[in-house]
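Report on one structure; see the data block that follows.
Please read these numbers as outputs of a predicted model, since none were measured by experiment.
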Amino acid sequence: QVQLVESGGGLVQSGGSLKLSCAASGINLDYYAIGWFRQAPGKEREGVACISTMNGKIEYADSVKGRFTISGDNAKNTVFLQMNSLKPDDTAVYYCATETVHALCRILFLQGGSGVDHWGKGTLVTVSS
């Protein structure tokens, strides 16, 4: 059974940084895509960053390019999201997610997260102005 547990959320001032972690367990596959979504109040869920172990490809939403970095520690089965230059618009619940059928970020990022097969429970990030 796949479990994704996020941590690292919190309150930060505009311009600050946070690093989110996602501890993954139960993924007994060589190839999968894993990434981050976020959902702000009243807004649709948005794919933020993804990494594929199939092709090594990393993808980011345009809104976070140059500010957020996704990385992984294979030994610890953990994925990180380093968020710099945070803005109030980044305020949202951030979810870790996997796509294990195709192991591709473009599938993970299908609209609304329809390509996702496992979700974490989320961690709240609040950026104050």
Exercise. Any donor and acceptor pair, going by atom type alone, linking the side chain of Ser52 with main-chain N or O of Ala103 inside 3.5 Å?
Worked result: yes
Problem set entry | Lys57 vs Cys50 side-chain heavy atoms within contact, under 4.5 Å | no
Exercise. So, do Phe68 and Trp36 have ring centers that fall under 6.0 Å from each other?
Worked result: no
Problem set entry | side-chain contact (heavy atoms from CB on, under 4.5 Å) between Leu104 and Asn55, worked out | CA-CA 8 Å; Leu104 296 172; Asn55 55 19; 3.7 Å; yes
For this session: Indicate, with yes or no, if Val125 and Val93 share a hydrophobic cluster defined by side-chain heavy-atom contacts under 4.5 Å among Ile, Leu, Val, Met, Phe, Trp and Tyr.
Result: no
Exercise. Do Ser25 and Gln1 get their side chains close enough for a donor-acceptor pair, meaning under 3.5 Å?
Worked result: no
Exercise. Do you reckon Phe37 sits in the same ILVMFWY cluster as Val48, going by side-chain contacts under 4.5 Å, direct or chained?
Worked result: no
Seminar exercise, completed: Note: Gln39 and Arg45 closest approach over all heavy atoms is NE2-N, 3.8 Å
Exercise. To the nearest 0.5 Å, how far apart are OH in Tyr95 and CG in Leu4?
Worked result: 13.0 Å
Seminar exercise, completed: dist Thr53:OG1 -> Tyr32:OH (nearest 0.5 Å) comes out at 5.5 Å
For this session: Please round to the nearest 0.5 Å and tell me the distance separating atom CG of Leu20 and atom OG1 of Thr78.
Result: 12.5 Å
Exercise. Rounded to the nearest 0.5 Å, how far does CZ of Phe80 lie from SG of Cys96?
Worked result: 11.0 Å
Exercise. What are the two closest heavy atoms between Gly9 and Thr123, and how far apart are they?
Worked result: N-OG1, 3.2 Å
For this session: Decide side-chain contact (heavy atoms from CB on, under 4.5 Å) for Val12 and Ser17; before the verdict, give the C-alpha distance in whole Å, the side-chain angles of both, and the deciding distance to 0.1 Å.
Result: CA-CA 7 Å; Val12 63; Ser17 298; over 6 Å; no
For this session: Considering non-hydrogen atoms only, spot the tightest contact between Ile34 and Ala24 and give its length.
Result: CD1-CB, 4.3 Å
Problem set entry | Transitive ILVMFWY side-chain link Trp119 to Leu108, under 4.5 Å | yes
Problem set entry | Straight-line distance of Met83 CE to Ile70 CD1, nearest 0.5 Å | 12.0 Å
Exercise. Mind checking whether Val64 and Leu18 sit in one hydrophobic cluster, side chains of I, L, V, M, F, W, Y counted as touching below 4.5 Å?
Worked result: yes
Exercise. Measuring from Leu124:CG to Glu6:CD, what's the distance to the nearest 0.5 Å?
Worked result: 12.0 Å
For this session: Kindly say whether Val127 contributes a backbone atom to a donor-acceptor pair with the side chain of Thr91 at under 3.5 angstrom?
Result: yes
For this session: Name all pairs fulfilling the salt bridge (Lys or Arg N to Asp or Glu O under 4.0 Å) condition that reach into residues 82-101, sequence neighbours left out, sorted by first residue then second.
Result: Arg38-Asp90, Arg67-Asp90
Exercise. Does one hydrophobic cluster hold both Phe109 and Tyr60, with members joined at side-chain heavy-atom distances below 4.5 Å?
Worked result: no
Exercise. Donor-acceptor pair, Ser14 side chain versus Ser129 backbone, under 3.5 Å?
Worked result: no
Exercise. If you look only at pairs with a residue in residues 104-128, which of them pass as a salt bridge (Lys or Arg N to Asp or Glu O under 4.0 Å), with sequence neighbours excluded?
Worked result: none
